[in-house]
Amino acid sequence: SLTLNNVKKRFGHVEVLKGIDIAIDDGDFLVLVGPSGCGKSTLLNMIAGLDSISDGEVSIGDVVINDLHPADRDIAMVFQSYALYPNMTVGQNISFGLEMRNVPKPERDRKINEVSSMLQIEHLLSRKPGQLSGGQRQRVAMGRALVRDPKIFLFDEPLSNLDAKLRVDMRTEIKRLHQRLSATIVYVTHDQIEAMTLATKIAVMKDGELQQLGSPAEVYDNPANTFVATFMGSPS
Ligand code: ATP
Ligand code: MG
């Protein structure tokens, strides 16, 4: 399970997360939605440990992970920009996180093969990111996360740079991966259909505050307030 307990983030005097409480179970697919600037990426960064928490606790199971280095958290993140290392090949990009953890080469190679065949990028392993299409980069970014075999995946608008057709294909693929790996996922998107088709739970945020957390049907059919109703496009 992943639990956020009264998580706050301040940048200087500005509080951008105002005490977020979220608890999800292993295997949940939590989709985080809300207007631009409401704090979604900031929240993912707190979970990943890429930025410090001003107040509150993030726990996996009953272990508080606030002070754990990102590499020591059982968490992998896929960014909107993909954030691939431009000077490394695809294979090196995928392998890097394993090398950092001193995984022996034979095992690294085995994992890279497994993940790249799952994502159908075997033929791209010796290319550099600059020689790939957007969709191929997206797969490599997923491969880099998958190869670490984390307990929790964080996705920050992973499909927003793809064209409509590819977006639908990748959505199906992510759904299949979730089922196959029974992974726990926190996924940010602006796409309502993506949210409704992928989520086991939806969290709606506004101005650094959680408005509602529930199943897609609960949030859509029983919005907690008019903001949620309007944002989700619920029938009135
Ligand atoms: P979007 O949907 O546009 O990606 P978001 O919900 O991910 O938005 P965040 O990136 O989490 O929003 O930003 C939340 C707020 O925190 C914004 O007002 C943003 O300007 C502010 N913010 C983010 N990072 C910093 C920073 N390093 N310093 C100061 N303010 C920041
Ligand atoms: Mg964001």
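Counting convention: from 1, in listed order, for ligands and their atoms alike. Note that the coordinates shown come from a computational prediction; the quantities given were computed from them, not determined experimentally.
Side chain of Ser133 to backbone of Gln136: a donor-acceptor contact under 3.5 angstrom is found.
A salt bridge between Asp51 and Lys9 is present, with a side-chain N of the basic residue lying under 4.0 Å from a carboxylate O of the acidic one. Ion pairing of Lys18 with Glu209 is absent here, as no side-chain N (NZ or NE/NH1/NH2) approaches a carboxylate O to less than 4.0 Å. Between Asp26 and Lys151 there is a salt bridge, with a side-chain nitrogen of the basic residue lying less than 4.0 Å from a carboxylate oxygen of the acidic one. One finds a salt bridge joining Lys105 and Asp109 here, because a Lys/Arg side-chain nitrogen approaches an Asp/Glu carboxylate oxygen to under 4.0 Å. Salt bridge status for Glu218 with Lys201: absent, with no side-chain N to carboxylate O gap under 4.0 Å.
Closest to atom 2 (O) of ligand 1, if we only count protein heavy atoms, is Lys40 NZ, 2.7 Å. For atom 13 (O) of ligand 1, the nearest non-hydrogen atom of the protein is Thr42 OG1, 3.6 Å. Protein heavy atom in closest approach to atom 3 (O) of ligand 1: Ser36 OG, 2.5 Å. Among all protein heavy atoms, the one lying closest to atom 4 (O) of ligand 1 is Glu157 OE2, 3.7 Å. Among all non-hydrogen protein atoms, the one lying nearest atom 22 (N) of ligand 1 is Phe11 CE1, 3.6 Å.
Residue Val31 comes nearest to Ala199 through the heavy atom pair CG2-CB, 3.5 Å, listed as atom of the first residue, atom of the second, then distance.
Considering backbone and side-chain atoms alike, Val16 places every N or O at 3.5 Å or more from each N or O of ligand 1. Of the polar atoms of Cys38, at least one N or O is found under 3.5 Å from an N or O of ligand 1, judged by distance alone.
Atom 20 (O) of ligand 1 is not flagged as protein-proximal [any protein heavy atom, distance under 4.0 Å]. Atom 25 (C) of ligand 1 is approached by the protein to below 4.0 angstrom, counting heavy atoms only.
Under a 4.0 Å heavy-atom criterion, His190 is in contact with ligand 1. At least one heavy atom of Gly39 sits closer than 4.0 Å to an atom of ligand 1.
Put simply, Ser41 gets within reach of the Mg ion (ligand 2), with an N, O or S atom under 2.8 Å from it.
Nearest to atom 8 (O) of ligand 1 by heavy atom, out of Gly208, Ser41, Gly37, is Gly37.
A cation-pi contact links Arg144 to Tyr85, judged by a cut-off of 6.0 Å to the six-membered ring centre and 45° from its axis.
At a heavy-atom cutoff of 4.0 Å, ligand 1 is contacted by no atom of Met205, backbone or side chain.
No hydrogens or angles considered: nothing links the side chains of Asn161 and Gln138 as a donor-acceptor pair under 3.5 Å.
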